[in-house]
J.: 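Submitted below is the structure of interest, expressed as structure tokens.
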Amino acid sequence: MIELTWKEARDVLRTHREQNIRQSQKVVDIWENVLNDNVDKLGDEKYVVWEQVCFCALDCNRMDIANECLVQLFIKFPNSSRHRLLEELTHEYLERYDEAIALLDLMIENDDTNASPRKRKIAILKSKGKIAEAVRELNEYLKKFMMDQDAWNELCDLYLSEQEYAKAAFCMEELILQNPHNHLFHLRFAEIKYTQGGFDNLELAMAYYCQALKLSPSNMRALFGVFLCAKHISSSQKCNLNRKKKVKEILSWSLEQIQAQYDQVADPLQQNDVVKNLQNLDLSAS
């Protein structure tokens, strides 16, 4: 049993909203035991509380409470986009996905500058395994919201799941342009180009691994990436003598850096084994 005054309960829900705390069962319990009978004391704040409680009730599969909140919000805001989004979430929880998408399409048609319904639609399509449709919707979304880094990351993930590496690399290029000091973006772009393979892609991958190291000098993933790229390039027939000499210097440098990293955390036997294994690594079959 929740033992709070209605003011204390109100303050708890305020704190949850302000700090974006997601403790749905606690919110539902507070609503049932304290605030439901004192809702009129909240004044106009009761509308945002109804919305908050509705979200939490859906999390807890309490459709009775969710529907009660929806009814109250509909009476006050019959044409509100926020109410429609809650209604759409209710359809999702009940697994009525066609109805949810139809409602989202209506919201997008009424206000194509509202990002929330577009994101919900993409999430539904992805969860249903409709990757091609999700990609199409995400591309449409990015035409209007080009600076949404999470969306570019999501699109990259979808392309990678379909093994469309060139398109995934384009997404990472957009992210690097938006945030050139994020070493993770350089690292991921390098990994995509390494996966694509081929002499030119390996050269580009090594350059971006090096940039990731410049931004994050202790990044072991980037160090191993430099090593692998240099190993491949130095053994390629397309690598001329001058380039091969420089790449071998990079190869030796990467081994030294890997050794130095292991010196800090591993025992001497493990250090020697790691470097020895890397030196003897045969990549001819890959």
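Residue numbers run from 1 in the order of the sequence given.
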J.: Considering residues, nucleotides and ligands other than Asp44, do more than 12 of their heavy atoms fall under 6.0 Å from its CG?
T.: no
J.: Where do Lys167 and Glu162 land on the salt bridge (Lys or Arg N to Asp or Glu O under 4.0 Å) test, with the steps shown first?
T.: CA-CA 10 Å; Lys167 293 179 180 179; Glu162 297 295 298; over 6 Å; no
J.: Kindly give the heavy-atom pair with the smallest separation between Ile233 and Phe199, and that separation in Å.
T.: CG2-CE1, 3.7 Å
J.: Would you find more than 12 non-hydrogen atoms of other residues, nucleotides or ligands less than 6.0 Å from Phe74 atom CZ?
T.: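 For Phe74, atom CZ is not crowded (no more than 12 foreign heavy atoms under 6.0 Å).
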J.: Could you report the tightest heavy-atom contact between Gln178 and Met146, atom names first, then the distance?
T.: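 Scanning both residues, the minimum pair turns out to be NE2-O, 2.9 Å.
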J.: Within the 4.5 Å heavy-atom criterion, are Tyr141 and Leu155 side-chain neighbours or not?
T.: no
J.: Any sub-3.5 Å donor-acceptor pair from His186's side-chain atoms to Pro180's backbone N or O?
T.: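 Checked: pair present.
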J.: One thing to verify: whether Glu45 and Arg17 come together as a salt bridge, which I'm taking to mean a side-chain N less than 4.0 angstrom from a carboxylate O.
T.: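 Looking at Glu45 together with Arg17, the answer is yes, because their closest N to O distance falls below 4.0 Å.
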J.: Looking only at the side chains, is there a donor atom on one of Gln211 and Lys214 sitting less than 3.5 Å from an acceptor on the other?
T.: no
J.: So His83 and Phe77, ring-ring contact (aromatic ring centres under 6.0 Å, His included) or not? Walk me through it.
T.: CA-CA 7 Å; His83 174 269; Phe77 309 105; 8.9 Å; no
J.: Could you tell me the separation between the SG atom of Cys156 and the CD atom of Gln149, rounded to the nearest 0.5 Å?
T.: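 It is 13.0 Å, given to the nearest 0.5 Å.
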J.: Do Leu89 and Ile101 sit in the same hydrophobic cluster, where Ile, Leu, Val, Met, Phe, Trp and Tyr count as joined when their side-chain heavy atoms come under 4.5 Å apart?
T.: no
J.: Rounded to the nearest 0.5 Å, how far apart are CD of Glu68 and SG of Cys54?
T.: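 Going from CD on Glu68 over to SG on Cys54, the span is 10.0 Å.
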J.: Would you please indicate if the ring centroids of Phe224 and Tyr209 are separated by under 6.0 Å?
T.: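 No.
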J.: Can a donor-acceptor pair be found, under 3.5 Å and without considering hydrogens, that links the side chain of Ser216 to the backbone of Ala212?
T.: no
J.: Is the CZ atom of Arg82 crowded by more than 12 outside heavy atoms at less than 6.0 Å?
T.: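 No - once you tally the heavy atoms of other residues, nucleotides and ligands closer than 6.0 Å, there are 12 at most.
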J.: Might you confirm whether atom CG of Asp98 has over 12 heavy atoms from other residues, nucleotides or ligands at distances under 6.0 Å?
T.: no
J.: What's the verdict on side chain to side chain contact (heavy atoms under 4.5 Å, CB included) for Ile176 and Glu173, showing C-alpha distance, side-chain angles and the deciding distance?
T.: CA-CA 5 Å; Ile176 290 170; Glu173 288 176 319; 5.5 Å; no
J.: Please confirm whether the backbone N or O of Leu106 pairs with a side-chain atom of Asn110, one donor and one acceptor, at under 3.5 Å?
T.: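 Yes, Asn110 side chain to Leu106 backbone: donor-acceptor pair under 3.5 Å.
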J.: Does some side-chain heavy atom of Asp112 sit less than 4.5 Å from a side-chain heavy atom of Arg118?
T.: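 Yes - at least one pair of side-chain heavy atoms lies under 4.5 Å apart.
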J.: Can you tell me how far CG of Asp40 sits from NZ of Lys46, rounded to the nearest 0.5 angstrom?
T.: 5.0 Å
J.: Between Met172 and Leu187, is there a shared hydrophobic cluster once you connect ILVMFWY residues whose side-chain heavy atoms come closer than 4.5 Å?
T.: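 No, separate clusters.
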J.: Do Gln52 and Trp50 pass the side chain to side chain contact (heavy atoms under 4.5 Å, CB included) test, and can you show the C-alpha distance, the side-chain angles, and the key distance before you say yes or no?
T.: CA-CA 5 Å; Gln52 180 184 9; Trp50 271 326; over 6 Å; no
J.: Would you mind checking if Arg188 and Asp157 are paired as a salt bridge, meaning a charged N to carboxylate O distance below 4.0 Å?
T.: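 The answer is yes: the pair qualifies as a salt bridge.
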J.: Salt bridge (Lys or Arg N to Asp or Glu O under 4.0 Å), that's the test. Do Glu203 and Arg243 meet it? Break it down for me.
T.: CA-CA 11 Å; Glu203 286 275 20; Arg243 180 57 179 160; 2.5 Å; yes
J.: How long is the span from the CD atom in Gln257 to the OH atom in Tyr262, to the nearest 0.5 Å?
T.: 14.0 Å
J.: With distance as the sole test, does Glu133 use its side chain to make a donor-acceptor pair with the main-chain N or O of Ile122 at under 3.5 Å?
T.: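 Side chain of Glu133 to backbone of Ile122, a donor-acceptor pair under 3.5 Å: no, none is there.
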J.: Measuring only between side-chain heavy atoms, which start at C-beta, is Cys60 closer than 4.5 Å to Val27?
T.: no
J.: Within the structure provided, determine whether Leu223 and Leu213 are in side-chain contact (heavy-atom separation under 4.5 Å).
T.: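 Side-chain contact under 4.5 Å: yes.
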J.: Stepwise, does the side chain to side chain contact (heavy atoms under 4.5 Å, CB included) test hold for Asn61 with Tyr93?
T.: CA-CA 8 Å; Asn61 197 27; Tyr93 277 94; 6.0 Å; no
J.: Does this structure show an ion pair linking Asp59 with Arg22, if we count only N-O contacts that are shorter than 4.0 Å?
T.: yes
J.: How about His232 and Tyr194: are their ring centroids closer than 6.0 Å?
T.: yes
J.: Could you tell me the separation between the CD atom of Gln237 and the NZ atom of Lys244, rounded to the nearest 0.5 Å?
T.: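 One gets 8.5 Å once the value is rounded to the nearest 0.5 Å.
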J.: Given ring-ring contact (aromatic ring centres under 6.0 Å, His included), test Phe170 with Tyr159 step by step and report yes or no.
T.: CA-CA 10 Å; Phe170 174 81; Tyr159 280 137; 8.9 Å; no
J.: Give the C-alpha distance, both sets of side-chain angles, the deciding distance and a yes or no for side chain to side chain contact (heavy atoms under 4.5 Å, CB included) between Phe55 and Ser24.
T.: CA-CA 8 Å; Phe55 275 112; Ser24 299; over 6 Å; no
J.: Are Val28 and Tyr47 connected into the same hydrophobic cluster when the rule is that any two of I, L, V, M, F, W, Y join if their side-chain heavy atoms are below 4.5 Å apart?
T.: yes
J.: Measuring from atom CD of Gln196 to atom CD of Gln163, what distance do you get when rounded to the nearest 0.5 angstrom?
T.: 12.0 Å
J.: Using a 4.5 Å cut-off on heavy atoms from C-beta on, say whether the side chain of Asn182 contacts that of Leu175.
T.: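 Answer no - side chains too far apart.
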J.: Quick check: are there more than 12 heavy atoms from other residues, nucleotides or ligands sitting under 6.0 Å from NZ of Lys248?
T.: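 No, the 6.0 Å shell around NZ holds no more than 12 heavy atoms from other groups.
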J.: List the steps and the verdict of salt bridge (Lys or Arg N to Asp or Glu O under 4.0 Å) for Glu154 and Lys126.
T.: CA-CA 10 Å; Glu154 183 64 34; Lys126 182 182 176 183; 2.6 Å; yes
J.: When you group the ILVMFWY residues by side-chain heavy-atom contacts below 4.5 Å and let the links chain together, are Leu125 and Met107 in the same group?
T.: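 They do share one cluster, since a chain of ILVMFWY contacts under 4.5 Å joins Met107 to Leu125.
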J.: Is the shortest heavy-atom distance from the side chain of Ile124 to the side chain of Leu104 under 4.5 Å?
T.: yes
J.: Salt bridge check: are Arg84 and Asp111 linked by an N-O gap of less than 4.0 Å?
T.: no
J.: Show, in sequence, the C-alpha distance, side-chain angles and deciding distance for Asp29 and Gln25, and conclude whether the side-chain hydrogen bond (donor to acceptor under 3.5 Å, both in side chains) test is met.
T.: CA-CA 6 Å; Asp29 290 342; Gln25 188 60 58; 3.0 Å; yes
J.: With heavy-atom distances below 4.5 Å as the criterion, would you say the side chains of Thr90 and Met63 are in contact?
T.: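 SC-SC contact between Thr90 and Met63 confirmed.
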J.: Are Lys26 and Ile30 close enough that some pair of their side-chain heavy atoms sits under 4.5 Å apart?
T.: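 Yes. Closest side-chain heavy atoms under 4.5 Å.
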J.: Checking the side chain of Glu137 only, and the main-chain atoms of Ala134 only, is there a donor and an acceptor separated by less than 3.5 Å?
T.: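 Checking the backbone N and O of Ala134 against the side chain of Glu137, no donor-acceptor pair under 3.5 Å is found.
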J.: Would you say Leu13 and Leu73 are hydrophobically clustered, going by side-chain heavy atoms of ILVMFWY under 4.5 Å?
T.: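 Per the 4.5 Å side-chain linkage, Leu13 and Leu73 are co-clustered.
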J.: So, Lys41 versus Asn38: side-chain donor-acceptor pair below 3.5 Å or not?
T.: yes
